[in-house]
Asker: 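Here it is: the structure, laid out below.
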Number of protein chains: 2
Amino acid sequence: MKPRDDKKIQQVYKATLKLVKLKGLAGVTMGEIAKEADIATGTLYIYFKNKTELINSLFTSCRNASAAVYFKNYDTSIPFKKGLKTIWLNLLNYRIKKFDEALFVDQCYHSPFITETTREMTKKLFTPLFSLMEAGKKQRLVKNEDTILLLTFMAGSINETVKHTHYAGRKLSKETIEQMFQMCWDGLKR
Amino acid sequence: MKPRDDKKIQQVYKATLKLVKLKGLAGVTMGEIAKEADIATGTLYIYFKNKTELINSLFTSCRNASAAVYFKNYDTSIPFKKGLKTIWLNLLNYRIKKFDEALFVDQCYHSPFITETTREMTKKLFTPLFSLMEAGKKQRLVKNEDTILLLTFMAGSINETVKHTHYAGRKLSKETIEQMFQMCWDGLKR
DNA sequence: AAAATTAATGAATAAATATTCATTTAAAAG
DNA sequence: CTTTTAAATGAATATTTATTCATTAATTTT
């Protein structure tokens, strides 16, 4: 029995992300993915039942990877503001370093590929973020508003800024990043 | 000579927006657009050379419509903070009321349809926003940071919040909107 | 070393989608 | 009212894209 080549799935993922970044989810074909991944089109169908499954699988992979990263260097014993900054930085760095993944995930949200089940599963990944912000509210450090509102406020500015600097072909300096966090904090704090 | 039916283009636009919201840009076909717009597929090709042109045309239409709305009720004589709030509200209300347009525009940005020319043209529409924020900086009312950074901070939180509430099937109450602006302002102000 | 098993291939096929065009319909001009 | 002109239609065609499958190539097992 010939074993499967474990690298292939990663190659396919990488190729798909590259193409989606380049042409958008709407413009990506199985043929192109195969070509970019240096395998035959037929081989794609050994690893994935069909296109929908390929996209869903990559989507889930990206979502899990991101959730894992968000809480790096964080534990609940850290003082709130410092903990928030840690996670804020993790979020920012993820969006910068894995821009293509973040973009892919965004695109998938409004596509015919992602199934309702896949969509539901991703929600659960973000409950820890939720708890963090609730803690800040309890300590009266952040505004006493709907937690979701606070989180979207935080995430929104990160996403938009990363997107913009990416397309402008710039880098965010350490200084700028500090300024960004200051703005976020000033917006959240009581 | 039979004249063109002026309503048809609007019908096609409306149909396209509806379908894109429902299935994403990736999943929309000319046949479906025609059906949804209650015209024959062939008729589409009287009004638009091809699919790319249809999408680009709608994209431009949406962009112009949005730019027109942003500066409603605003003139440069209004005190900065009040002027900013006016525009902030315009932005928010546009994203809420024309959610499908905003979504379509977002999706288009990463698609094979939008041409570089179309992309360039949209940039110009937002110079007034730029000037506004510069004015706030000069008056030392907002932080002395890169104007783009301030603008993306502002726009990002709006976009993300509207997206989230839309998918959660909620409405933003007057009170919540006030809270949102307060957060935005606290983030921006010196 | 031969047999068995499954991965890998890519041309062939199926399916979906964009686009065309011969025909019909409706409005305007004469 | 007739003729002219262009819109409108939707079935037919062209094109693109997903998927299959007969064949070949690698491994492992015996």
Side-chain angles (χ1 to χ4, degrees), chain A residues 1-60 104 107-108 110-115 118, chain B residues 1-60 104 107-108 110-115 118:
Chain A
M1 168 179 98
K2 185 178 177 181
R4 287 196 183 181
D5 181 352
D6 278 347
K7 280 175 292 184
K8 287 228 163 53
I9 289 186
Q10 293 308 316
Q11 280 176 42
V12 169
Y13 282 172
K14 195 178 163 190
T16 307
L17 290 175
K18 180 175 172 182
L19 290 170
V20 168
K21 186 176 158 186
L22 206 65
K23 329 175 47 177
L25 194 54
V28 165
T29 69
M30 293 297 265
E32 283 178 309
I33 291 172
K35 201 174 174 185
E36 179 71 34
D38 258 315
I39 59 175
T41 38
T43 311
L44 276 180
Y45 290 86
I46 292 168
Y47 291 88
F48 306 96
K49 204 176 73 201
N50 52 38
K51 189 176 179 179
T52 300
E53 200 179 279
L54 192 165
I55 301 290
N56 270 275
S57 169
L58 175 54
F59 180 85
T60 304
F104 172 78
Q107 291 243 327
C108 281
H110 285 280
S111 77
F113 301 114
I114 299 306
T115 61
T118 305
Chain B
M1 169 178 99
K2 186 177 177 182
R4 286 196 184 181
D5 181 352
D6 278 347
K7 279 175 293 184
K8 287 228 164 54
I9 290 186
Q10 293 309 315
Q11 281 174 43
V12 169
Y13 282 172
K14 195 177 162 190
T16 307
L17 290 174
K18 180 175 172 182
L19 290 170
V20 168
K21 187 176 158 187
L22 207 65
K23 329 174 50 177
L25 194 54
V28 165
T29 68
M30 293 296 263
E32 283 178 308
I33 292 171
K35 201 175 175 185
E36 179 71 34
D38 259 315
I39 60 174
T41 39
T43 310
L44 275 180
Y45 289 85
I46 292 169
Y47 292 88
F48 306 96
K49 204 176 73 200
N50 53 38
K51 189 176 180 179
T52 301
E53 201 180 278
L54 191 164
I55 302 291
N56 270 275
S57 169
L58 176 53
F59 179 85
T60 304
F104 172 77
Q107 291 242 326
C108 281
H110 286 279
S111 77
F113 301 113
I114 298 306
T115 61
T118 305

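As the structure is a computational prediction, the values presented were derived from the model and not from experiment. Just the heavy atoms: all of them, side chains too, but no hydrogens, waters or symmetry mates, feed the values below. Residue numbers begin at 1 in each chain, while the letters A, B, ... track the order of the sequences.
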Asker: Within this structure, what is the CZ-to-C1' distance between A/Arg4 and C/dA7, rounded to whole angstrom?
Answerer: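 Going from CZ in A/Arg4 over to C1' in C/dA7 covers 8 Å.
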Asker: Within the 4.0 Å limit for protein heavy atoms, which parts of nucleotides 9-15 of chain D are touched? Write it as a string from 5' to 3', B for base, S for sugar-phosphate only, - for none.
Answerer: BBB----
Asker: Just the rounded figure in Å: distance from P of D/dT17 to NZ of A/Lys35.
Answerer: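 Result: 13 Å.
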Asker: Roughly how many Å is it from CZ in A/Phe113 to C1' in D/dA18, rounded to a whole number?
Answerer: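 Taking atom C1' of D/dA18 as the reference, CZ of A/Phe113 is at 11 Å.
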Asker: What is the distance, rounded to the nearest whole Å, between atom CG of B/Leu19 and atom P of C/dT17?
Answerer: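 Atom-to-atom, B/Leu19 to C/dT17, this comes out as 12 Å.
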Asker: How many whole angstroms separate atom CD of B/Gln11 from atom C1' of D/dA8?
Answerer: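 The distance from CD of B/Gln11 to C1' of D/dA8 comes to 13 Å, rounded to the nearest Å.
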Asker: I need the CD-P distance between A/Glu53 and D/dA18, as an integer number of Å.
Answerer: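 In whole Å, D/dA18 P lies 15 Å from A/Glu53 CD.
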Asker: When we call it a touch if two heavy atoms are under 4.0 Å apart, what does B/Tyr47 touch: a base, just sugar-phosphate, or nothing?
Answerer: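 The answer is sugar-phosphate, as B/Tyr47 gets under 4.0 Å only of primed atoms, P, OP1 or OP2.
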Asker: Within a radius of less than 6.0 Å around NZ of A/Lys18, do more than 12 heavy atoms belonging to other residues, nucleotides or ligands occur?
Answerer: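 No.
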Asker: Are there any protein N/O atoms within less than 3.5 Å of an N/O atom in nucleotides 27-30 of chain C, and if so, which ones and at what distance?
Answerer:
{"from": "C/dA27", "atom 1": "N3", "to": "B/Met1", "atom 2": "N", "distance (Å)": "3.3"}
{"from": "C/dA28", "atom 1": "O4'", "to": "B/Met1", "atom 2": "N", "distance (Å)": "3.2"}
{"from": "C/dA28", "atom 1": "O4'", "to": "B/Met1", "atom 2": "O", "distance (Å)": "3.1"}

Asker: Nearest whole angstrom, please: distance from the P of C/dA16 to the NZ of B/Lys51.
Answerer: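 Between P of C/dA16 and NZ of B/Lys51: 15 Å.
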Asker: Kindly point out which of D/dT19, D/dA8, D/dT17 is positioned nearest to the side chain of A/Tyr45?
Answerer: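 So the side chain of A/Tyr45 is nearest to D/dT19.
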